[in-house]
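Protein chains get the first letters and strands the later ones, always in sequence-line order, with residue 1 at the start of each. Heavy-atom basis, side chains included; hydrogens, waters and symmetry copies ignored.
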Amino acid sequence: MDQGDVQTGQNLQKQISKIAALDDATDSDITFIANPLFESKLQTTGAGAVLVPASLQEKCPSHSVAIVVKSPYAAYAKLTALFEPTQAYHQTVNPNLSDSLIHPTAILGNNLQLGDNVRIGAYSQIGDNCVIADGVKIDAQVNIQPNVVIGEGSLIAPHVYIGHDCVLGKHVSLHSHASIGNDGFGFAPRGSTDEAGWQKIHQLGRVILGDYVSVGSHTCIDRGALNDTVIGNHVIIDNLVQIAHNVKIGAGTAIAACVGIAGSTEIGKRCMIGGASGFAGHIKICDDVTITGMTMVTKSIHQPGVYSSGMPVMPNSLWKRAYINFKQLGKPKS
Amino acid sequence: MDQGDVQTGQNLQKQISKIAALDDATDSDITFIANPLFESKLQTTGAGAVLVPASLQEKCPSHSVAIVVKSPYAAYAKLTALFEPTQAYHQTVNPNLSDSLIHPTAILGNNLQLGDNVRIGAYSQIGDNCVIADGVKIDAQVNIQPNVVIGEGSLIAPHVYIGHDCVLGKHVSLHSHASIGNDGFGFAPRGSTDEAGWQKIHQLGRVILGDYVSVGSHTCIDRGALNDTVIGNHVIIDNLVQIAHNVKIGAGTAIAACVGIAGSTEIGKRCMIGGASGFAGHIKICDDVTITGMTMVTKSIHQPGVYSSGMPVMPNSLWKRAYINFKQLGKPKS
Amino acid sequence: MDQGDVQTGQNLQKQISKIAALDDATDSDITFIANPLFESKLQTTGAGAVLVPASLQEKCPSHSVAIVVKSPYAAYAKLTALFEPTQAYHQTVNPNLSDSLIHPTAILGNNLQLGDNVRIGAYSQIGDNCVIADGVKIDAQVNIQPNVVIGEGSLIAPHVYIGHDCVLGKHVSLHSHASIGNDGFGFAPRGSTDEAGWQKIHQLGRVILGDYVSVGSHTCIDRGALNDTVIGNHVIIDNLVQIAHNVKIGAGTAIAACVGIAGSTEIGKRCMIGGASGFAGHIKICDDVTITGMTMVTKSIHQPGVYSSGMPVMPNSLWKRAYINFKQLGKPKS
C-alpha cells in the first residue's frame with residue numbers, strides 16, 4: 001500500500017495468518033470490501049482486520065481492525081504478495097545449489113549473456129546468443145531457442161517454449177506451456193488439386209513482448225511473417241489464447257481466456273476483451289473498447305465503447321424454434 | 001463385466017484378437033450393438049462374437065457367439081481394458097529399471113512421501129514435501145511443484161504441470177500437457193493510463209480434484225484466488241478446456257472439448273456440457289443440466305433440462321442477409 | 001521458383017538482405033505484389049527488387065529490379081526459405097555433437113530403427129520399436145511413446161507428445177506442444193447417481209497423419225476408439241485446434257486456429273475451415289467447402305460452397321435489445 005494510504009481504525013492488535021473473503025474470515029484473517037453492495041457482509045464479518053474505504057469505516061464490527069485505504073481491492077492485490085509461498089518454494093527445490101542458481105542439468109548455448117541472479121531450472125535448454133537480464137527466473141523443462149532476449153525480473157514457468165530471436169521486456173510473466181514465437185500459419189496454395197499441397201511461407205518476423213506483459217498457460221503468440229507480432233507494455237493475457245502472426249496489441253489491454261485473434265489485426269490500448277471472443281484478420285480495434293464474452297468481431301471498430309454479439313442461452317425447445325426463424329431471417333422477403 | 005451379466009448364446013468357440021465395429025468386424029473380432037437402430041448391421045456382421053442385449057439375441061447371425069449383457073456399451077467399455085497395450089509399453093520403456101520404478105534422471109525434492117509401486121519417468125521433477133500414494137504413475141517430463149498430494153492409482157502423462165499445494169484424489173488421470181494450478185487471471189487496475197498497468201493479485205488458493213477425475217490434454221484448471229477451485233468426484237473433462245479460478249464442478253459432470261468457464265462459476269452434479277460452450281463468471285448451473293455445443297451461457301440456470309443457443313450454419317449468401325436482419329433486431333421499433 | 005518462371009526486368013544489380021512488405025521495403029530489400037489493389041504502393045515502393053506478374057511489370061519504379069513470375073505470392077513463399085535462420089541455429093545449438101546427431105541426454109528405447117541424419121534433441125525420450133526415417137529432426141524435450149512411425153524429413157518441435165502406435169507421413173511438421181494420440185474422450189455412464197461415475201473406454205485406435213501435414217502449437221489430435229483418426233496428405237492445421245477421435249480430414253484441407261471437431265466427423269478434401277468454428281460429431285462435410293470463422297456446423301453439408309453462421313458484433317446497447325428479440329424468435333407464434 002502506498003504510504004499515507006493506511007490508517008488504523010481501532011486500538012486493537014491482531015495476529016493475521018491469511019487473507020479470506022468477507023464471509024469466510026475469522027479472527028486470524030484479514031479481509032477487504034471492494035463493493036459497497038456487500039456492506040451487510042461487512043457488518044457481520046468475523047475478520048480480525050478489514051481493508052475498507054473511509055466511507056465504510058464506521059460499518060466495521062468492533063472486533064475487527066479497520067484499515068482505511070483508498071482502494072480496498074488494490075490494497076488486497078498488493079497484500080497477496082505477502083502471502084504468496086512460491087518464492088520460498090523455489091529456493092528449496094534445489095537445496096544443493098547454494099553456490100549456483102543454474103541447475104547442473106540445464107543446457108546452456110554458446111555466447112550467452114546472463115545477468116546477476118539468473119535462475120535456470122532442471123532440464124531447461126537455452127540456445128546460443130541469448131541475453132537474459134538480472135533476476136530472470138527460468139523454471140524447469142523450458143525451451144528457449146537462440147538469440148532470445150529476456151528483460152530483467154521476468155518469470156518463465158515450466159514447459160514454456162520461446163522461439164528464436166523473440167524479445168521479452170522487463171518483468172514479463174509466462175505461465176506453464178505458453179508458446180511464444182511458433183511459426184505463423186502462412187501457406188501459399190500450390191494448385192487446385194488436393195495433392196498440389198501448400199507452399200510453406202517461412203515466418204521471418206519475431207514476437208516482441210513489452211514490459212510487464214503476462215501470458216497465460218497454453219497461450220500461443222505466433223511470430224510475424226515479415227514484420228513482428230507486437231504486444232504492448234502491461235498487456236495481460238489469460239490461458240488458451242491464440243494470437244496470430246503480425247497482430248499488434250496496445251498497452252494496458254486485458255484479454256480473457258480462449259480468445260482468438262487472426263493475423264494482422266490491431267487492437268488498441270486499454271481494451272478489455274471478454275473470454276472466447278474471436279477477431280477476424282486485418283481489422284483495427286481502437287483504444288478503450290470493451291468486447292463482451294463470445295463476441296464475433298468481424299470488422300474494425302472506430303469508437304470506444306462496449307460491443308457484443310451472440311445469442312443468449314435458452315431452453316432447447318425454444319432454441320429449436322428460434323433456429324428455424326434464424327434461417328428465415330436469411331431468406332429474401334417475398 | 002459384472003458377474004451374472006454375461007450369458008453365452010451359442011455353442012461356439014472363437015479366438016478373439018480385437019474389438020471392431022459392427023461393419024468392420026471379422027471372425028476373429030468381438031463387436032457390440034449399443035443402438036437398436038443398427039439391428040440390420042447386426043444381422044450382417046462378420047464378427048466372431050457380439051455383445052448384445054437379450055432383446056436382440058435372436059438377431060445375431062449363426063456364425064457369431066452372442067454374449068448377452070445388460071448394457072452392451074458398458075460391456076464394450078470394460079472390455080477395452082483387455083486390449084489396451086499401454087501397460088505393457090510402460091513396463092518396457094525403461095527396461096533397465098528392474099530394481100527401481102523411479103527413473104534415475106527424475107529429480108526428487110526433499111521430504112517426499114512415496115507410496116508403494118510409484119513410478120516416475122525420465123526428466124520429471126517433483127518438488128519438496130509432495131505426497132504420492134501407492135501405484136501412482138508419473139510419466140516423463142512432468143513438473144510437480146512443492147506440497148502436491150496425489151491419490152492412489154493416479155496417472156500423470158508427459159508434459160503435465162501441477163502447481164504447488166494442489167490436491168489430486170484417487171485414480172485421477174491427467175493427459176499430456178494438462179496444467180493444473182497455474183495462477184488465476186487476477187489483476188487490479190492501477191490507474192486509467194495505459195502505462196499505469198495492473199497490480200497482480202497473487203492466487204493463494206489451490207486446485208482440488210476429486211477421485212476418478214479425468215482431465216484432457218492442454219486443459220487448464222487455475223488455482224483459486226483466496227479459496228480453492230474444486231472439481232468433484234467422477235468429473236470428466238476433455239481437451240483444451242479452460243476452468244478459471246474458484247470454479248466449482250459437481251460430481252459426475254462431463255465437459256467436452258474447448259469449453260471455457262469463467263471465474264467463480266458453479267456447475268452442478270451430473271451435468272453434460274457440450275463442446276466449445278462458454279460460461280460467464282459468477283453464475284450457478286443447477287444439477288442435471290445439459291448444455292448443447294457452442295452455447296453461450298450468460299446467466300444462472302435453476303431448472304434441470306437441456307439448454308442451447310447459437311445460430312445454425314447456412315449458405316453464406318443467406319447468412320449475409322440474415323446478418324443485416326440480426327442487426328435490425330437490435331434497433332428500436334419505430 | 002520454377003525454372004522459366006523468372007525473368008529479370010531491368011539491367012540493374014542489387015544486393016538483397018531481406019524480404020519486406022511493399023511499404024516498408026528499402027533498396028536492400030526484395031518485395032512482392034500479390035494483390036492488384038496495391039498497384040499504387042508498387043509505384044512508390046523503395047524496394048530494390050519486386051516479384052511482379054507480367055501485367056504489372058511496367059508499373060515498377062525504375063530503381064527496382066522487376067522479377068516477373070506467374071504468382072508473386074507463391075514466389076514469395078518459396079523465397080522465404082532462403083531467409084529462414086532456423087537451420088543454421090539448429091546446427092549450432094549443440095556444437096559439441098560433431099560426431100553424433102543424437103544428444104547424449106536423449107533416451108532411446110529398444111529396437112529403434114533410425115534413418116540417416118536423424119537428429120534427436122536434449123531430454124527427449126523415444127519409446128521402444130519406433131521407426132524414424134531419414135532426416136527426421138526431433139527437437140528437445142519431446143516425448144514419443146512406443147511403436148511410433150515417423151516419415152522422412154519430418155520436424156518435431158520441443159514439448160511435442162506422440163502417443164503409442166501413431167503414424168506420421170513424410171515431411172510432417174509438428175509445432176511446439178502439439179499432442180498427437182492422446183486418448184479420445186470415451187466414457188460409458190455406469191449409472192445415474194453422481195458417484196456411479198464413468199467407465200473409461202480405452203482408445204484402441206491410432207492417429208494417422210498423411211504426408212506434408214502441418215500441425216500447430218497446442219493442437220490436439222486424439223487417437224481413435226476402435227478405428228483410427230486419419231488426417232490426409234497436405235492438411236494444414238493451425239494452433240489450439242481440437243480433433244476428436246475417429247475424425248477424418250481429406251487431403252489439402254486447411255484448418256485455422258481454435259477450431260473444434262467432435263468425434264467421428266468427416267471433412268472432405270480442399271476445405272477451408274475458418275478460425276474458432278465448431279463441428280458436431282458424426283457429420284460429413286463434402287469436398288471443397290469453405291466455412292467462415294466462428295461458424296457452428298451442426299449438420300452435414302453435401303454441396304461445395306461457402307457456409308457461415310454467427311451474429312456480427314454490435315454496440316452493446318443494440319445487442320441487449322436484440323437479445324430479447326432473439327428469445328422471441330423461439331416463442332410460439334400467438
Query raised in the report: How about A:Asp222 and C:Asn239: does a side-chain donor come under 3.5 Å of a side-chain acceptor?
Result: yes
Report summary line: One option among C:Gly232, C:Ser317, C:Ala81, C:Gly210 has the most heavy-atom pairs under 4.5 Å with chain A, and it is C:Ala81
Requested in this report: Using non-hydrogen atoms and a 4.5 Å limit, figure out which bit of A:Ser124 sits close to chain C: side chain, backbone, both or neither.
Outcome: backbone
**Report entry** Passing option when C:Ile291 is tested against C:Ile267, C:Val297, C:Val259 for side chain to side chain contact (heavy atoms under 4.5 Å, CB included)
**Finding:** C:Val297
Query raised in the report: Are A:Ser217 and A:Ser176 close enough that a side-chain donor and a side-chain acceptor fall under 3.5 Å?
Result: yes
Report summary line: Under 4.5 Å to a heavy atom of chain A? For C:Asp24 that would be side chain
Query raised in the report: Taking atom types as modelled and ignoring hydrogens, do the side chains of C:Asn316 and A:Ser308 form a donor-acceptor contact shorter than 3.5 angstrom?
Result: yes
Query raised in the report: Between A:Lys248 and A:Asp228, is there a salt bridge with N-O shorter than 4.0 Å?
Result: no
Report task. Could you look at A:Asn227 and say if it's the side chain, the backbone, both or neither that has a heavy atom under 4.5 Å from chain C? Result -> side chain
Report summary line: One option among A:Lys320, A:Met311, A:Met314, A:His218 has the most heavy-atom pairs under 4.5 Å with chain C, and it is A:His218
Report task. Pick one of side chain, backbone, both or neither for A:Val142, based on which atoms fall under 4.5 Å of a heavy atom in chain C. Result -> backbone
**Report entry** Which atoms of C:Ser309 approach chain A - backbone, side chain, both or neither, heavy atom under 4.5 Å
**Finding:** backbone
Query - Side-chain donor-acceptor contact under 3.5 Å, A:Asn147 with A:Asp165 - result: yes
**Report entry** Per-residue contact mode, A:Leu204 against chain C (heavy atom under 4.5 angstrom)
**Finding:** side chain
Query raised in the report: With a 4.5 angstrom heavy-atom cut-off, which part of A:Thr295 approaches chain C: side chain, backbone, both or neither?
Result: both
Query - Side chain, backbone, both or neither of C:Leu82 within contact of chain A (heavy atoms, under 4.5 Å) - result: neither
Requested in this report: Verify the distance criterion only: is there a donor paired with an acceptor across the side chains of C:Thr45 and C:Thr31 at less than 3.5 Å?
Outcome: no
Query - Short side-chain donor-acceptor distance under 3.5 Å, A:Gln203 and A:Arg223 - result: no
Query raised in the report: Quick one: of A:Ser277, A:Gly310, A:Pro315, who has the most non-hydrogen atom pairs under 4.5 Å with chain C?
Result: A:Gly310
Report summary line: Applying a strict 4.5 Å limit to non-hydrogen atoms, the region of A:Ala276 in contact with chain C is backbone
Query raised in the report: Out of A:Ala188, A:Cys220, A:Gly163, which one racks up the most heavy-atom pairs below 4.5 Å with chain C?
Result: A:Cys220
Query raised in the report: So, are A:Asp288 and A:Arg270 salt-bridged, with charged N and O less than 4.0 Å apart?
Result: yes
Query - Portion of C:Leu240 that has a non-hydrogen atom of chain A nearer than 4.5 angstrom - result: side chain
Query raised in the report: When heavy-atom pairs shorter than 4.5 Å are enumerated against chain A, which of C:Ile19, C:Leu318, C:Asp211 gives the highest number?
Result: C:Ile19
Report task. Check the surroundings of atom OH in C:Tyr212: do more than 12 heavy atoms from other residues, nucleotides or ligands lie under 6.0 Å from it? Result -> no
Query - Toward chain A, the part of C:His175 with a non-hydrogen atom under 4.5 Å - result: both
Query raised in the report: Do A:Asn143 and A:Gln145 have side-chain atoms, one donor and one acceptor, less than 3.5 Å apart?
Result: yes
Report task. Go through the atoms of C:Ile255 and report whether side chain, backbone, both or neither lie under 4.5 Å from a heavy atom of chain A. Result -> backbone
Query raised in the report: What residue, out of C:Asp287, C:Ile237, C:Thr253, has the most heavy-atom pairs lying under 4.5 Å from chain A?
Result: C:Ile237
